[in-house]
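Proteins get letters first, then strands, A, B, ... in listed order; numbering begins at 1 in each.
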Protein chains: 2
Amino acid sequence: MKGWVEFLKRKSDKPIKITEVCLRDGSHVMQHQYTEAQVRRVARELDEAGMHYIEVSHGDGLGGSTLQYGKSLVDEMKLIEAAVDECQNSKVAVLLLPGIGTVHELKQAHELGASLVRVATHVTEADVSAQHISMARELGMETLGFLMMAHMAPTEKLVEQAKLMESYGAQAVYVTDSAGALLPQEVKEKIAALRNSLSIEVGFHAHNNLSLAVANTLTAIEEGATRIDGSIRCLGAGAGNAQTEVLLSVLDRMGVNLGIDIYKMMDLAENTVGPMIPRAQEINRGSLVLGYAGVYSSFLLHAERAGQRFGIDSRDILIELGKRKVVGGQEDMILDVAAELAKARKLEV
Amino acid sequence: MKGWVEFLKRKSDKPIKITEVCLRDGSHVMQHQYTEAQVRRVARELDEAGMHYIEVSHGDGLGGSTLQYGKSLVDEMKLIEAAVDECQNSKVAVLLLPGIGTVHELKQAHELGASLVRVATHVTEADVSAQHISMARELGMETLGFLMMAHMAPTEKLVEQAKLMESYGAQAVYVTDSAGALLPQEVKEKIAALRNSLSIEVGFHAHNNLSLAVANTLTAIEEGATRIDGSIRCLGAGAGNAQTEVLLSVLDRMGVNLGIDIYKMMDLAENTVGPMIPRAQEINRGSLVLGYAGVYSSFLLHAERAGQRFGIDSRDILIELGKRKVVGGQEDMILDVAAELAKARKLEV
């Protein structure tokens, strides 16, 4: 495996940094019902294992605790404070989606000790992140850009948007595969393009809906991505993310040691996180269809309802929505698409 | 994605054939308690979806129903007969490990309608398969070789052993990643070497212990493997195999249609197989450690006991066993290794 390590070294000379996202992305799975005790225990054990960054926020980022996105059991600021309190070495990160969270919440999180922020926008809407990125830099936070639903944009568009985030002051830009829809060769192309076009670091955030999260992450690392997300026990939305303890074990097998204790991560997954998860993070029909169609997880229930109403398989609706690159906020399109499909089917008969 | 399809075509002109292994490899997970009704329903629905081959046998192959390997609830011959009875188009396959199963059981399975057999040996012991392969050919069965624990042999050794199987009359040879320990670049090397050295087809059987089963299978297909195994809902030993309905969805996204109905496979996974499985097939500490160490799943419990007795982490024992390439039947080595590690640790202190 030595050849592989040499290869890694050639594509980027920066160290690989892992962000554990189970306390943010996993908040969706927990239906935003994390208790302070849970967050404290997970953060403490991650810190003891040597995790680099721990992201703590509502699943939809700062300010996400609303009727629309799901009310948090415990105020995220209290959870951020608790995580910071438990960490000796790990840094606490937050997620901010402009439009959901505001600069006000970002300042508050920073005052409580969060030292890194990922400012996230849809892959074609980087321009809405300018103010937030610049404010985060002024606060002295490590500031990264997060281009969500990256599979929806051609690579040239992705590069253009990443350059915008770089120009606003982002210190890295992530390819964020929100729907778990990217195939390895697409990851390769997108990461390589960003690495060649940006002077800042490149990151990768996977979802496992097509069972490719760990493999896609390896591809991203091979192509020079150095900011890498994972969720322990796959505790993230949909089918989860790159399973952190698995990813670290594979990298170790390849001779890449990131200074994180693998045994401690395995124990944390088995004894702390596993028993906490309401349902095992296997790939079921729902998560598979989301990855296959390349759509938001929130579309699933809407499509099932629309399918019943129009007598159409919800999967056909989701696939059509994916083709049309329908995004969050356009949920009214779901009924339209179902009606169109039903009409087209009638014409066929 | 068109480039990828072209690429596939270049490496092999044979069609890709899928074998669903949940009724054999999944028998381990079911603790060999499959009922005839379960086998009938799964076989019928797989047949309706257009599955190419359905493997039905005890988890350890024909004749495996013993105190040592676990008693089957229902005689496997009855299950084979039931599956054959349900199938209009799918072919029923069996697994045979010389030493566990005999030519006698093979003949019986053939008479009941099984038309394909995989004759399986440890990766360095192909020579024990000569009689069984030749008998299967005489019976007129499609006869494939299965080289298990393929990660334990260097590629040259694997090629040598595959050539033996070819010389006995095997019509394809599988790289069988029994422990789910192979990394993508190792799969690439091994499949390419077999494709270049054999005139028969090459197959690949993955396990998901390192979350790489689907990705490794894509790599194998890319390198020209045409006989591919999967288990629906990941219902196979350890962390399961390449999850069949996921693999088919990914191939479809790449423009590769194998004539198997993806929606029917998704429904079968969700409505029939999912509710049947005693525990979700997520990657837990046990399955991860097996893949990381590259050892047999049966070693896990032994290593835990030995670890307790000698005050050693069972993972250190398993990793050492993997390094020494200890195989099934050598379980007495586990205590020896534990004792050695304990002694070495004492000397260090």
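- Heavy-atom distances place the side chain of A:Leu288, and not its backbone, under 4.5 Å from chain B.
- The parts of B:Leu210 that come within reach of chain A are both its backbone and its side chain, each placing non-hydrogen atoms under 4.5 angstrom from that chain.
- Contact of B:Asp267 with chain A is made through backbone and side chain together, with heavy-atom distances under 4.5 Å.
- Contact check for B:Glu245 versus A:Arg285: no side-chain heavy atoms found under the 4.5 Å cut-off.
- When the options A:Val214, A:Thr217, A:Val250 are evaluated for a side-chain contact (heavy atoms from CB on, under 4.5 Å) with B:Ser211, the one that passes is A:Val214.
- Only the side chain of B:Ile319 has a heavy atom closer than 4.5 Å to any heavy atom of chain A.
- For B:Gln281, the part lying near chain A is the backbone, with the side chain staying farther off; criterion is any non-hydrogen pair under 4.5 Å.
- B:Gln31 CD: 12 or fewer foreign heavy atoms inside a 6.0 Å radius.
- For the options B:Arg315, B:Glu270, B:Met266, heavy-atom pairs under 4.5 Å to chain A are most numerous at B:Arg315.
- The number of heavy atoms from other shown groups lying within 6.0 Å of CZ (A:Arg309) does not exceed 12.
- Taking B:Asn209, B:Asp313, B:Val289, B:Asn208 one by one and counting their heavy-atom pairs under 4.5 Å with chain A, the maximum is reached by B:Asp313.
- For the pair B:Arg253 and A:Tyr292, the cation-pi test (distance below 6.0 Å, angle within 45°) is failed.
- Both the backbone and the side chain of B:Ala181 come within contact range of chain A, each with at least one heavy atom under 4.5 Å from a heavy atom of that chain.
- Contact of B:Leu212 with chain A is made through the side chain alone, with heavy-atom distances under 4.5 Å.
- Summarising the geometry of B:Gln243 relative to A:Ile283, their closest heavy-atom pair is NE2-O, 2.9 Å, with the distance given to 0.1 Å.
- Looking at B:Leu247, there are no atoms closer than 4.5 Å to chain A (heavy atoms on both sides), in backbone or side chain.
- Only the side chain of B:Arg233 comes within contact range of chain A, with at least one heavy atom under 4.5 Å from a heavy atom of that chain.
- Not one N or O on the side chain of B:Glu282 forms a donor-acceptor pair closer than 3.5 Å with the backbone of A:Glu282.
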